[in-house]
**Student:** 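Pasting a structure below so you can have a look.
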Amino acid sequence: MTTSRTFAGLDAPAVEAWLTDNVDGFAGPARFALVAGGRSNLTYRIDDAAGHTYALRRPPLGGVLSTAHDMSREWRFISAMAPTAVPVAPPRAYCADPAVSGAEFYVMDFVEGTVLADPAAAESLTPAARARAGEHVVEVLAALHALDPEEVGLEGSRKGFAERQLARWHQQIRNSGVEGAELALLDEIHAALAAHVPPQSRGIVHGDFRPGNMTFGPDGTVRAVFDWELSTLGDPLADLGYLISLWQEPGDDLPEGADPGPTTLPGFPTRDELVARYARITGRDVSHLPYWIAFNRWRSACILAGVQARYLAGVMADDGFADQVRARIATGRLLGESAKEALEAAGLG
């Protein structure tokens with residue numbers, strides 16, 4: 001992490017002036033540091049002269065699909081979560097004027113902790129803390145799904161969540177130029193998913209609920225859930241299916257070149273233990289979970305197939321991510337195949 005006042009995507013002097021006018025307690029001059037960049041939203045750490053630390057989030061600089069990287073959606077959802085039992089970084093202010101720094105952005109408090117993005121991060125936790133991390137992830141998910149959307153000020157469609165999601169991601173792979181055998185497989189899975197949509201309930205869906213989008217304390221408790229850009233109203237089991245579809249265990253088959261995830265370290269609960277804990281806490285019927293696991297593997301495969309198509313088309317240039325993308329493409333193929341296997345195992349193929 002480097003500290004500067006010059007960044008692509010951030011006009012530090014203009015942002016500092018805006019913060020002075022819009023964030024209570026902010027005191028300049030401030031120090032800015034890029035925390036995360038690349039393919040996701042850009043995140044900057046801001047340390048002001050009064051000792052306060054903030055995080056600023058804005059979209060990436062290019063290659064953004066029309067429905068992706070929605071800052072206003074993130075702001076709306078974290079603002080709704082702030083007074084609830086769901087831990088989020090306290091929201092501070094939203095800037096809807098792209099003239100300030102080239103794009104809309106929002107500012108929240110910076111929450112220190114460990115983001116479980118890879119095994120190296122998980123190694124900083126003891127096995128007991130890893131066990132607690134798995135437990136608390138489920139407790140936080142249950143707290144999110146216990147909320148009534150209207151009571152926390154969120155409104156949205158009451159019907160057709162699965163149908164809307166299937167249509168959206170099916171169209172995305174065509175917009176991305178996916179073709180050939182991969183398109184045929186994704187089309188086949190889409191048809192099976194569309195033909196077997198289970199009864200749906202309604203709640204708040206994070207859309208990207210995984211340890212890599214949270215920060216944890218040293219005891220394994222979740223301090224904040226980030227990345228609400230895909231959040232919507234729909235069937236809460238979609239979140240559980242996504243979490244389970246990505247939760248790795250020791251001994252899982254991985255595609256060549258893909259690295260094991262953080263949850264393969266000793267101490268983390270198994271997938272079955274996570275599901276049992278969620279069912280016990282929420283009282284929800286999880287019998288349709290295999291559908292949502294297959295759906296989320298298919299959705300992830302669509303995303304990664306789109307990345308592959310854009311690279312093969314040469315529209316993403318040589319940005320230093322080629323090796324990482326090749327591993328992700330291999331993962332995407334495995335996800336597509338495993339989505340089909342999950343449907344067949346559930347009798348839906």
Side-chain angles (χ1 to χ4, degrees), residues 1-64 68-79 81-82 87-118 120-125 208 211-219 221-229 262 319-321 324:
M1 182 175 70
T2 57
T3 301
S4 174
R5 291 185 64 81
T6 303
F7 300 97
L10 179 70
D11 184 335
V15 169
E16 185 170 308
W18 185 88
L19 291 170
T20 300
D21 292 338
N22 292 277
V23 176
D24 291 340
F26 177 84
R31 292 181 295 119
F32 293 79
L34 179 64
V35 176
R39 314 235 157 271
S40 186
N41 293 323
L42 302 176
T43 305
Y44 305 87
R45 175 177 176 141
I46 306 170
D47 292 280
D48 77 357
H52 299 140
T53 305
Y54 310 93
L56 182 150
R57 294 260 293 171
R58 61 144 290 161
L61 300 180
V64 179
H69 310 286
D70 187 342
M71 294 293 97
S72 64
R73 180 185 295 266
E74 282 202 17
W75 172 256
R76 187 167 68 255
F77 273 83
I78 68 166
S79 297
M81 295 302 106
V88 294
R92 290 298 191 125
Y94 184 82
C95 179
D97 183 2
V100 174
S101 192
E104 296 183 15
F105 63 86
Y106 72 88
V107 177
M108 57 188 173
D109 285 351
F110 193 96
V111 180
E112 301 281 0
T114 299
V115 176
L116 294 180
D118 51 39
E123 286 175 355
S124 68
L125 301 180
D208 199 5
N213 282 337
M214 306 171 196
T215 188
F216 295 80
D219 62 350
T221 58
V222 179
R223 289 180 169 176
V225 180
F226 303 125
D227 291 1
W228 294 80
E229 65 179 279
D319 58 1
F321 283 86
Q324 178 183 342

**Student:** Would you give the length of the straight line joining atom CG of Asn213 to atom CG of Asp208, rounded to the nearest 0.5 angstrom?
**Tutor:**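 Here the interatomic distance stands at 4.5 Å.
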
**Student:** State, to 0.1 Å, how close Ala103 and Pro59 come at their nearest heavy-atom pair, and which atoms those are.
**Tutor:**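 Taking every non-hydrogen atom into account, CB-CD, 3.9 Å.
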
**Student:** So how far is it from Leu56 CG to Met71 CE, rounded to the nearest 0.5 Å?
**Tutor:**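 If we round to the nearest 0.5 Å, Leu56:CG and Met71:CE are 9.5 Å apart.
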
**Student:** Does Glu16 reach the side chain of Phe26, with side-chain heavy atoms less than 4.5 Å apart?
**Tutor:**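 Counting from C-beta outward, Glu16 and Phe26 do come under 4.5 Å.
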
**Student:** Side chain of Arg45, backbone of Thr53: donor and acceptor closer than 3.5 Å?
**Tutor:**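 Absent.
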
**Student:** I need the Phe226 CZ to Thr215 OG1 distance, nearest 0.5 Å.
**Tutor:**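 If we round to the nearest 0.5 Å, Phe226:CZ and Thr215:OG1 are 5.0 Å apart.
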
**Student:** Of all the heavy-atom pairs spanning Arg223 and Pro87, show the shortest one and how long it is.
**Tutor:**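 Reported closest heavy-atom pair: O-CB, 3.4 Å.
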
**Student:** In Å, rounded to the nearest 0.5 Å, how long is the span from CD1 of Ile78 to CD of Glu229?
**Tutor:**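 Ile78 atom CD1 to Glu229 atom CD measures 12.5 Å (nearest 0.5 Å).
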
**Student:** Below 4.5 Å, heavy atoms only, C-beta onward: do Trp18 and Asp97 meet side chain to side chain?
**Tutor:**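 They are not in contact (no side-chain heavy atoms under 4.5 Å apart), so the answer is no.
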
**Student:** Between CG of Leu19 and CD1 of Ile46, what distance do you get to the nearest 0.5 Å?
**Tutor:**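 Output value for this atom pair is 5.0 Å.
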
**Student:** Ser79 side chain to Arg76 main-chain N or O, any donor-acceptor pair under 3.5 Å?
**Tutor:**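 No, the answer is negative, given that no donor and acceptor are paired below the 3.5 Å cut-off.
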
**Student:** Would you name the heavy atoms of Val111 and Pro90 that are closest together and state the gap between them?
**Tutor:**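 Looking at all heavy atoms of both residues, the shortest contact is CG2-CD, 4.5 Å.
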
**Student:** Side chains of Met214 and Leu116: does their closest heavy-atom pair fall under 4.5 Å?
**Tutor:**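 No, every pair of side-chain atoms sits at 4.5 Å or beyond.
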
**Student:** Are the side chains of Phe105 and Val100 in contact, using a 4.5 Å heavy-atom criterion?
**Tutor:**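 The answer is yes, as the side chains (C-beta and beyond) meet within the 4.5 Å cut-off.
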
**Student:** Find the distance between CG (Asp219) and CG (Leu125) and round it off to the nearest 0.5 Å.
**Tutor:**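 Nearest 0.5 Å value for the CG-CG distance: 9.0 Å.
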
**Student:** Looking at every non-hydrogen atom in both residues, tell me the closest pair between Ala89 and Ala224 and how far apart they are.
**Tutor:**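 Scanning both residues completely, I find the closest heavy atoms to be N-CB, 3.9 Å.
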
**Student:** Is the ring pair Tyr106/Tyr94 parallel, tilted or perpendicular, if the boundaries are 30 and 60 degrees?
**Tutor:**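 The rings of Tyr106 and Tyr94 lie parallel, inter-plane angle below 30°.
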
**Student:** Which pair of non-hydrogen atoms, one from Ala50 and one from Gly25, has the smallest distance, and what is that distance?
**Tutor:**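 In this case the closest contact between Ala50 and Gly25 is CB-O, 4.3 Å.
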
**Student:** Taking Arg57's backbone N and O only, do any of them form a donor-acceptor pair with Thr43's side chain (distance below 3.5 Å, no angle check)?
**Tutor:**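 Not a single qualifying donor-acceptor pair exists.
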
**Student:** Looking at every non-hydrogen atom in both residues, tell me the closest pair between Ala93 and Asn22 and how far apart they are.
**Tutor:**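 Closest pair (atom of Ala93, atom of Asn22, distance): CB-O, 3.8 Å.
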
**Student:** Taking the side chain as every heavy atom from C-beta outward, state whether Phe216 and Thr221 have any atom pair closer than 4.5 Å.
**Tutor:**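 Sidechains of Thr221 and Phe216: no contact.
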
